[in-house]
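Working notes for the structure below.
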Number of protein chains: 2
Amino acid sequence: MARRHLPSLNALRAFEAFGRHGRMTLAADELCVTHGAVSRQIRQLEEHLGVPLTEGPRSRLRMTEAGLKLAQALSPAFDQIEAAVPRPAEVGPRPLVVSCLPTFAMKWLIPRLPGFQAAHPDIPVRVAESNGPFDFKADGIDLAIRMRTPETVVTYDSVVTPFMEHFHGPVMSPERAAAEPMTLERVCAMPRLLTRTFMESWSDWARNFELDHLPPPVSEQEFDHYFYMLEAAAAGMGVAIGPWAFVQRDLASGRLVAPLGFTPGRARIVAVTPPDGATEAAVLFRDWLLAEGASTPLPPEAACEPRAGR
Amino acid sequence: MARRHLPSLNALRAFEAFGRHGRMTLAADELCVTHGAVSRQIRQLEEHLGVPLTEGPRSRLRMTEAGLKLAQALSPAFDQIEAAVPRPAEVGPRPLVVSCLPTFAMKWLIPRLPGFQAAHPDIPVRVAESNGPFDFKADGIDLAIRMRTPETVVTYDSVVTPFMEHFHGPVMSPERAAAEPMTLERVCAMPRLLTRTFMESWSDWARNFELDHLPPPVSEQEFDHYFYMLEAAAAGMGVAIGPWAFVQRDLASGRLVAPLGFTPGRARIVAVTPPDGATEAAVLFRDWLLAEGASTPLPPEAACEPRAGR
DNA sequence: CGGGCCATGTGAAGAAACCTCACAGAAGGC
DNA sequence: GCCTTCTGTGAGGTTTCTTCACATGGCCCG
């Protein structure tokens with residue numbers, strides 16, 4: 001009687017993956033199936049629920065608000081399931097465990113990991129996605145990647161190594177930006193999107209314009225993850241402060257635009273290792289992060305376009 | 001790369017249902033499949049994980065500790081998914097929404113619901129399982145069923161109607177009880193199992209024995225739900241204070257025993273309706289609860305066997 | 001201690017769900 | 001306009017899941 005009318009769990013999982021990646025093709029890659037399979041699952045889900053979950057042209061698909069809401073709720077549920085399932089005993093050497101923001105993992109780290117694997121085929125890497133506090137020993141983490149502002153409260157001893165510049169800027173859907181020449185004032189007058197992961201993004205960004213106090217937003221909406229915030233921006237729900245590293249690809253594909261360009265943020269993307277000596281593998285990984293960070297392209301308009309100096 | 005090695009979600013769902021019901025047959029009923037299907041799913045899951053999740057003879061199957069841990073983590077995840085999925089638009093009249101403890105729903109309410117449906121075929125009933133606080137308007141609840149001690153803090157106005165006596169007593173696995181004649185002292189010396197839903201159960205029970213202070217337990221373990229606490233008791237992990245209404249069936253089947261019998265508790269099982277008038281359907285339902293409560297059999301040893309009076 | 005009862009395990013066959021392949025359509029960029 | 005990218009879809013194959021019927025193993029009771 002109770003729990004019976006649920007749609008196919010596989011369809012939900014497919015939709016959740018689509019929600020995170022924003023494109024069926026990428027979701028299909030994650031699930032190791034073809035894009036057609038994902039398309040069918042999502043269509044089946046929409047039929048079952050009688051609610052459209054996606055909208056827009058095929059080449060620039062977005063989630064509807066209902067879809068965004070569903071995906072946001074599904075993600076933590078599947079995370080919980082994943083965490084609960086005991087992993088089949090790992091074979092081989094103990095892997096290097098890297099704790100990392102989910103969105104950073106998806107948009108930056110995982111695409112580059114094959115490079116590390118190629119250089120160090122004997123070091124298996126496991127990426128543990130998490131954006132909260134962590135404990136090296138209790139969680140078995142060798143190295144963590146986090147965003148840090150100078151004010152970030154640190155409650156633990158650790159070695160912090162910044163490895164990448166952090167540029168960010170307001171991003172939105174092309175429709176929103178197309179209306180008229182985009183100015184700082186217009187951007188400030190739009191509904192703002194926030195992520196719990198990095199609540200200070202707006203004030204951090206505003207500093208570059210010597211705006212001590214941003215005008216109060218017409219409305220604010222908060223998301224649990226960067227990727228949902230960015231999806232909401234793509235869906236035209238408002239403006240988000242997007243880190244360059246996270247939105248690079250969406251800018252290239254035209255799903256998002258950044259009419260004011262990017263400016264350096266005060267946050268740094270840092271690698272954190274335990275105070276009492278990192279493992280050998282963690283040191284190698286950190287060195288690799290530094291190299292990768294240095295070779296990541298900067299935004300073309302970096303440091304340009306701020307209306308007030310530096 | 002990230003989320004790929006999960007076992008079949010259907011298998012996890014089957015196991016979660018088994019975890020709640022304690023028997024594959026019941027889980028199969030809930031999922032509308034045959035017991036064989038559930039059996040296969042769970043076996044597949046065990047093979048995939050390489051960890052036994054069930055143990056004991058076929059006729060009295062129990063979860064292992066690993067299984068209990070897994071099931072406990074899966075339940076809230078599936079709850080979350082269920083809550084997130086928009087229900088296909090309901091047809092017909094607005095259903096009567098009854099908020100209820102999950103275990104009470106499973107072990108007492110749902111088995112009796114057909115009786116109500118038969119008497120009032122025009123009133124569809126939806127059972128919303130929850131054990132926390134609730135808000136009649138915000139959650140769309142017409143009537144809530146809760147456990148109440150005289151001390152329960154009430155933060156809202158409401159009409160409270162007790163409808164069933166509450167008998168409870170320590171329950172444990174037959175193996176644990178078989179060792180030697182069971183006495184109050186021996187029971188007090190066993191590891192205690194608690195449920196977050198009703199933390200005061202031990203002290204409430206102790207009052208009947210004029211024990212103002214129970215001897216401190218050798219160990220305590222806390223569960224999120226009554227049913228997992230009862231499963232842990234069946235698995236021999238300790239002693240739980242089980243409400244008669246919840247354990248009646250497990251006693252009959254021999255999965256649990258209650259060597260000290262049952263005594264009246266100070267808690268009452270109550271129906272709660274909004275202060276500003278209940279709906280017509282809610283009143284009918286409350287009347288039906290009162291009648292059902294009155295006709296629920298009392299424990300055979302009710303009010304017997306307390307070693308100290310009354 | 002043997003028969004009845006109850007719940008789960010299992011073999012084989014059938015049903016259903018799922019996936020792939022290949023191609024089509026639609027939008028955007030150059 | 002052509003090319004690229006991404007999603008939608010028809011047909012058909014494959015895997016997974018279910019069922020049915022019966023076997024198995026405990027437990028209870030006389």
Side-chain angles (χ1 to χ4, degrees), chain A residues 6-15 17-19 21-48 52-64 67 173-175 177-178 234 249-257, chain B residues 6-15 17-19 21-48 52-64 67 173-175 177-178 234 249-257:
Chain A
L6 279 184
S8 149
L9 291 174
N10 291 324
L12 291 173
R13 175 163 56 176
F15 179 69
F18 166 72
H21 290 288
R23 287 204 288 287
M24 292 198 185
T25 311
L26 294 183
D29 286 348
E30 174 181 308
L31 300 170
C32 300
V33 295
T34 60
H35 73 91
V38 174
S39 169
R40 284 184 143 68
Q41 293 279 29
I42 292 180
R43 160 161 298 268
Q44 179 208 325
L45 187 59
E46 286 180 321
E47 271 170 22
H48 180 99
L53 299 171
T54 61
E55 64 182 1
R58 293 200 250 214
S59 57
R60 198 174 280 179
L61 209 59
R62 299 178 309 216
M63 281 190 282
T64 60
S173 66
E175 292 77 15
R249 189 156 178 181
D250 286 324
L251 292 175
S253 77
R255 278 168 47 88
L256 288 173
V257 296
Chain B
L6 279 184
S8 149
L9 290 173
N10 291 323
L12 290 174
R13 176 163 55 175
F15 179 69
F18 166 72
H21 290 287
R23 287 202 289 287
M24 292 197 186
T25 311
L26 295 182
D29 286 349
E30 175 180 308
L31 300 170
C32 301
V33 295
T34 61
H35 73 91
V38 174
S39 170
R40 285 186 142 70
Q41 292 280 27
I42 293 180
R43 162 162 298 270
Q44 179 209 325
L45 186 59
E46 287 180 321
E47 271 170 22
H48 179 99
L53 299 170
T54 61
E55 65 183 358
R58 290 202 255 218
S59 56
R60 201 172 279 180
L61 208 58
R62 298 180 309 217
M63 280 190 282
T64 61
S173 68
E175 292 77 14
R249 187 153 180 183
D250 286 324
L251 293 174
S253 77
R255 278 166 50 88
L256 289 173
V257 296

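Chain A is the first sequence line, chain B the second, and so forth, proteins listed ahead of strands; every chain is numbered from 1. Quick note: numbers below take in every heavy atom, side chains included, and nothing from hydrogens, waters or symmetry partners.
- Between Arg23(B) and Asp250(B) the shortest side-chain heavy-atom distance falls below 4.5 Å.
- Between Pro174(B) and Gly254(B) the shortest heavy-atom distance is CG-O, 3.2 Å.
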> How far apart are the C-alpha atoms of Gln44(B) and Glu47(B), what are their side-chain angles, what is the distance that settles it, and do they pass the side-chain contact (heavy atoms from CB on, under 4.5 Å) test?
Replying inline: CA-CA 5 Å; Gln44(B) 179 209 325; Glu47(B) 271 170 22; 5.6 Å; no
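- When Val38(B), Leu26(B), Asp29(B) are each tested for a side-chain contact (heavy atoms from CB on, under 4.5 Å) with His21(B), only one passes: Leu26(B).
- Spacing between atom CZ of Arg13(A) and atom P of dA17(C) amounts to 17 Å, rounded to whole angstrom units.
- In this structure, Asp29(B) places its CG atom 12 Å from C1' of dA7(C), rounding to the nearest Å.
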Are any protein N/O atoms closer than 3.5 Å to N/O atoms in nucleotides 21-25 of chain C? If there are, list each pair with its distance.
none

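- Two residues are said to be in side-chain contact when any heavy atoms from C-beta on lie closer than 4.5 Å; Glu46(A) and Phe15(A) fail this criterion.
- A straight line from CG of Leu31(A) to P of dC18(C) spans 13 Å, rounded to a whole angstrom.
- Look at Gln44(A) and you'll find a side-chain N or O under 4.0 angstrom from OP1 or OP2 of dC18(C).
- Of all the heavy atoms in Met24(A) and Ser39(A), the pair that sits closest is SD-CA, 3.6 Å.
- The two atoms that bring Ala177(A) and Val257(A) nearest to each other are CB-CG2, 3.4 Å, heavy atoms only.
- Rounded to whole angstrom, the span from the CG atom of Leu26(B) across to the P atom of dC6(C) amounts to 14 Å.
- One interatomic measurement links the two molecules: CD1 of Ile42(A) to C1' of dC19(C), which rounds to 15 Å at whole-angstrom precision.
- Although no hydrogens or angles enter the test, the distance criterion places no donor-acceptor pair under 3.5 Å between the side chain of Arg62(B) and the main chain of Gly56(B).
- If you check every strand for non-hydrogen atoms under 4.0 Å, Ser8(B) touches sugar and phosphate atoms only.
- Here the nucleotide nearest the side chain of Gln41(A), chosen from dC19(C), dT8(C), dT10(C), is dC19(C).
- Comparing Leu61(B) and Asn10(B) by the nucleotide of DNA chain C that holds the closest heavy atom to each, the one mapping nearer the 5' end is Leu61(B).
- Two residues are said to be in side-chain contact when any heavy atoms from C-beta on lie closer than 4.5 Å; Pro7(A) and Leu12(A) meet this criterion.
- Rounded to a whole Å, the CD atom of Glu175(A) is 13 Å from the P atom of dA27(C).
- With rounding to whole Å, Leu9(A) atom CG is found 13 Å from dA17(C) atom C1'.
- Where DNA chain D meets chain B (any atom under 4.0 Å from a heavy atom), the bounding nucleotides read 5' to 3' are dC17(D) to dC28(D).
- The CZ atom of Arg62(B) sits 16 Å away from the P atom of dA7(C) (whole-angstrom rounding).
- Between Arg43(B) and dT8(C) there is no side-chain N or O to OP1 or OP2 distance below 4.0 Å.
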